[in-house]
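Reading through the structure tokens given below for one structure.
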Amino acid sequence: VLFPLLGIFTSDESLRYEASYLRAEAHYQKKQYEKAADLFQQAIPKRNKILAEWYPQTLSNLAWCYLKMIEGNYGNKEKLSRLFNKSEKAFLELINFNHNDQTYIDLARLYMLQARLLKDGKSFGKVTRLLESKGAFASIDQEAEAILLRGEASGTYSNRVEIFNILTH
């Protein structure tokens, strides 16, 4: 239904972007993540991003598309690395746009997965720096999850114990 409408929107960029977003959502729901990622990219306005109400959700979905594509590529480290980088870029752009607490948690999870799948110890450090730079979270659940992620990413058992003790005191 949306595909024939694209020709109608050629004179109005905002409608073209929004149509791309809606098409991307349809592909995302059908678990067609590569096609969805391409369309989410097309849905990102070149200017006046703040006026596009779908922009934050587009970045979030784009990051998650790349993460979902990782699931089928565990054996290909080069492709994994590219997908992690694209997902990270989308999450960081979203953080810069609206500083949403959940995005910090999602990005920290991405770094944890990256550390494990790519055997990349530097990603553990990224978790710690990201969550420490964030400061306090709005909800106690997100605060607890951030502490757990920091503990999981810490380099030594004694550091983990110290961080996990924060949860119990």
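Residue numbers start at 1 and run along the sequence shown. From a predicted model like this one, the values you see are computed outputs, not experimental measurements.
Hydrophobic clustering (side-chain heavy atoms under 4.5 Å, transitive across Ile, Leu, Val, Met, Phe, Trp, Tyr) keeps Val161 apart from Val127. Hydrophobic clustering places Tyr74 together with Tyr33 (ILVMFWY residues linked when any side-chain heavy atoms are closer than 4.5 Å, directly or through intermediates).
Of the possible polar contacts, none joining the Ser87 side chain to the Phe84 backbone as a donor-acceptor pair under 3.5 Å is found. At distances below 3.5 Å, not a single donor-acceptor pair connects side-chain atoms of Lys68 with backbone N or O atoms of Ile70. Judged purely by atom type and a 3.5 angstrom limit, Asp101 uses its side chain to pair as donor or acceptor with the backbone of Ala138. Between the side chain of Trp64 and the backbone N or O of Tyr28, no donor-acceptor pair lies under 3.5 Å.
Electrostatic pairing of Lys89 and Glu93 does not count as a salt bridge here, judged by no charged N lying under 4.0 Å from a carboxylate O. For the pair Asp106 and Arg109, the salt-bridge criterion is met [side-chain N within less than 4.0 Å of a carboxylate O].
Looking at Tyr111 and Glu88, their side chains do bring a donor and an acceptor atom within 3.5 Å of each other.
The distance from atom CG of Leu62 to atom CZ of Phe91, rounded to the nearest 0.5 Å, is 9.5 Å. Taking CG of Leu83 as the start and CE of Met69 as the end, the distance is 5.5 Å to the nearest 0.5 Å. Leu149 contributes atom CG, which lies 11.5 Å from atom CD of Gln142 (distance to the nearest 0.5 angstrom). Separating the CZ atom in Phe164 from the CZ atom in Arg150 is a distance of 10.5 Å, to the nearest 0.5 Å. Going from atom CG of Leu92 over to atom OH of Tyr104 covers 9.0 Å, rounded to the nearest 0.5 Å. Between Thr103 atom OG1 and Leu110 atom CG the span is 12.0 Å, to the nearest 0.5 Å.
The side-chain heavy atoms of Lys126 and Leu130, taken from C-beta on, include no pair separated by under 4.5 Å. With a 4.5 Å cut-off on side-chain heavy atoms, Ile44 and Leu59 count as touching.
The number of heavy-atom neighbours closer than 6.0 Å to OH of Tyr157, taken from other residues, nucleotides and ligands shown, is 12 or below. By the neighbour-count criterion of 12 heavy atoms within 6.0 Å, atom CG of Leu51 is densely surrounded, having more than that number from other residues, nucleotides or ligands. For Glu53, the CD atom sits in a loose shell: 12 or fewer heavy atoms of surrounding residues, nucleotides or ligands are nearer than 6.0 Å. In the displayed structure, Leu118 atom CG is contacted under 6.0 Å by more than 12 heavy atoms of other residues, nucleotides or ligands. A 6.0 Å sphere centred on NZ of Lys31 holds no more than 12 heavy atoms belonging to other residues, nucleotides or ligands. Around atom CD of Gln102, more than 12 heavy atoms belonging to other residues, nucleotides or ligands sit under 6.0 Å away.
Here the closest heavy-atom approach between residue Lys77 and residue Lys119 is recorded as NZ-CG, 4.0 Å. Considering every non-hydrogen atom in both Tyr21 and Gln57, the closest pair reads OH-CG, 3.2 Å. Taking both residues in full, the closest heavy atoms of Ala153 and Thr128 are given as CB-OG1, 4.3 Å, listed atom of the first, atom of the second, then distance. The two residues Tyr17 and Gln42 come nearest to each other via the heavy atoms CD2-O, 3.1 Å.
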